[in-house]
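Input: a single structure, listed below in structure tokens.
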Amino acid sequence: MVTVDLNTQDVYNLIAGIPDPEIPVITIKDLGILRDVKLVDDTYTVTITPTYTACPAMGMIEDQIKEILSNHGIDKVKVELTYTPAWTTDWLSQEAKAKLKNYGIAPPNHSSCTKLFSTAEVVVCPQCNSRHTSLISRFGSTACKALYKCDNCKETFDLFKCH
Amino acid sequence: MTTKDATYNYAIRLGDNALILGHRLSELCSRGPILEEDLALTNVALDMIGRAQALLKYAAELEGKGHTEDDIAYRRAEINYHNHLLIEQPNGDFAHTIARQLYLSVFEYLFFTELEKSKDATLAAIASKTIKEVKYHMQHAIDWTLRLGDGTVESHKRMQKGLNDLYMYTGELFEMDHIDTYLLHQHIAVDTLSLKAKWQSEIEKVLTEATLSLPEDTYMQTGSKKGVHTENLGHILSEMQYLQRAYPDAKW
Ligand SMILES: [Zn+2]
């Protein structure tokens, strides 16, 4: 029997570093998926929010939260899903955006770019920093990405869509 | 009727719209006209399945019989499904699929913008999440309507045909029955009737730019709120429910 003397901040810190299953260079804290940890009676209640309604990573993230906490002797854990406030890429820190860029994914601009019928946003190539890029497909390999190509270095790359 | 019963029905209707469209669009997986469109249509399908899951889960909670969202999705008969007739129509050619997406996504954009103000906190939360995704679906449908309408003679012809063939299913989007009215009085449901003029003008704006025309007024098909469907839904369900019916409670 492991003696547990952890507060909610400790629990938060234990799980904050869980990598996103689809983009492992950023964590669930970086992405803003991890919203809150509360102690309700004797149960740690972890609140997470999906990036997109159908984000297939939610189940895996829930399992990982439970596994990590179990390894630290905490078995009374409840993971709750919230839709509000709706997730936005504005929650990504500058640090998280830098990690995305280093990984080869163009980070999102401010979410005001999702205004309807606004002029096309400028997307900077994560490889060569050229601003001469063009959209190949609004939809990419996962719900949160769009596919671009660089007109300068000719590489294709993903844009983490602002949302 | 209690508010809970009415909200259950309302959540089922919205959930069915998402579920059946998700299924229809997933039929295009590996059959898109080009790779990018294969990705696009299946991404939209995925958003729909996510939305269906959220809404049917809420319906199951309101029902209070210990069912899960999967029970609700896979174990009802055709007459208990309440998705719009427009949604169950076959994909047809690509222009036909885009015409359906255009009619629907413009409607959904207007609808969820209103539902976000619902007094039902769960529906409002799902709407606030959905609206962001719908904008993207709508932009996709509009882009293609413009390309096909203002494209070649053949693409123009097919786009117009898709719009014409599906127009008779659009009247139903704006119908209000006793459940809608009851919930509207409680500031839970959306007044869809009030969205019609706006929808028509938005669609007309896109079609004009695409050198297409809004189909002429026609007899509008109806029935889904009573569980009366076109023959298409039965075919969808026979495929979608096959496993659960053949092997109840199958796990793997
Ligand atoms: Zn480049």
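As the structure is a prediction and not an experimental result, all values here were calculated from the model. Note on naming: letters A, B, ... go to the chains in the order of the sequence lines (proteins, then strands), and numbering restarts at 1 for each one.
Within a 6.0 Å radius of NZ in A:K97, more than 12 heavy atoms belonging to other residues, nucleotides or ligands are found. Within 6.0 Å of the CZ atom in B:R75, the count of heavy atoms belonging to other residues, nucleotides or ligands exceeds 12. Counting heavy-atom neighbours within 6.0 Å of A:K101 NZ, excluding the residue itself, gives a total above 12. Atom CZ of B:F174 has more than 12 neighbouring heavy atoms from other residues, nucleotides or ligands inside a 6.0 Å radius. In this structure, B:E209 places its CD atom where only 12 or fewer heavy-atom neighbours from other residues, nucleotides or ligands lie under 6.0 Å away. Counting non-hydrogen atoms of other residues, nucleotides and ligands closer than 6.0 Å to CD of A:Q9 gives a total above 12.
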Checking A:H163 against B:Y136 for the ring pair (Phe, Tyr, Trp, His ring centres under 6.0 Å) test, could you report, in this order, the C-alpha distance in whole Å, the side-chain angles of both residues, the deciding distance, and whether it holds? CA-CA 10 Å; A:H163 192 72; B:Y136 220 72; 7.7 Å; no
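Interface remark: A:I136 contributes backbone and side-chain atoms alike to the contact with chain B (heavy atom separation under 4.5 Å). No part of B:Q53 comes within reach of chain A, as not one of its non-hydrogen atoms sits under 4.5 angstrom from that chain. Of the two parts of A:T88, the backbone and the side chain both hold a non-hydrogen atom closer than 4.5 Å to a non-hydrogen atom of chain B. With a threshold of 4.5 angstrom between heavy atoms, A:P85 does not approach chain B through any atom at all.
In this structure, B:E36 CD and A:L135 CG are separated by 9.5 Å, a value rounded to the nearest 0.5 Å. Rounding to the nearest 0.5 angstrom, the gap separating the CG atom in B:N43 from the OG atom in A:S141 is 8.5 Å. Rounded to the nearest 0.5 angstrom, B:K132 NZ and A:C162 SG are separated by 9.5 Å. Taken from OH in A:Y83 to CD1 in B:I126, the straight-line distance is 6.0 Å, to the nearest 0.5 Å. In this structure, the separation between CD on B:E37 and CZ on A:F139 is 8.0 Å, given to the nearest 0.5 Å.
Looking only at heavy-atom pairs under 4.5 Å with chain A, the residue among B:G22, B:S128, B:G50 that has the most is B:G50.
At distances below 3.5 Å, not a single donor-acceptor pair connects side-chain atoms of B:D47 with backbone N or O atoms of A:Y52. Put simply, the side chain of B:K129 gets close to the backbone of A:P50: a donor and an acceptor are under 3.5 Å apart. The backbone N or O of A:T53 sits less than 3.5 Å from a side-chain atom of B:E133, completing a donor-acceptor pair.
With sequence neighbours excluded, the residues forming a side-chain hydrogen bond (donor to acceptor under 3.5 Å, both in side chains) with B:D93 are B:R158, listed by chain and number.
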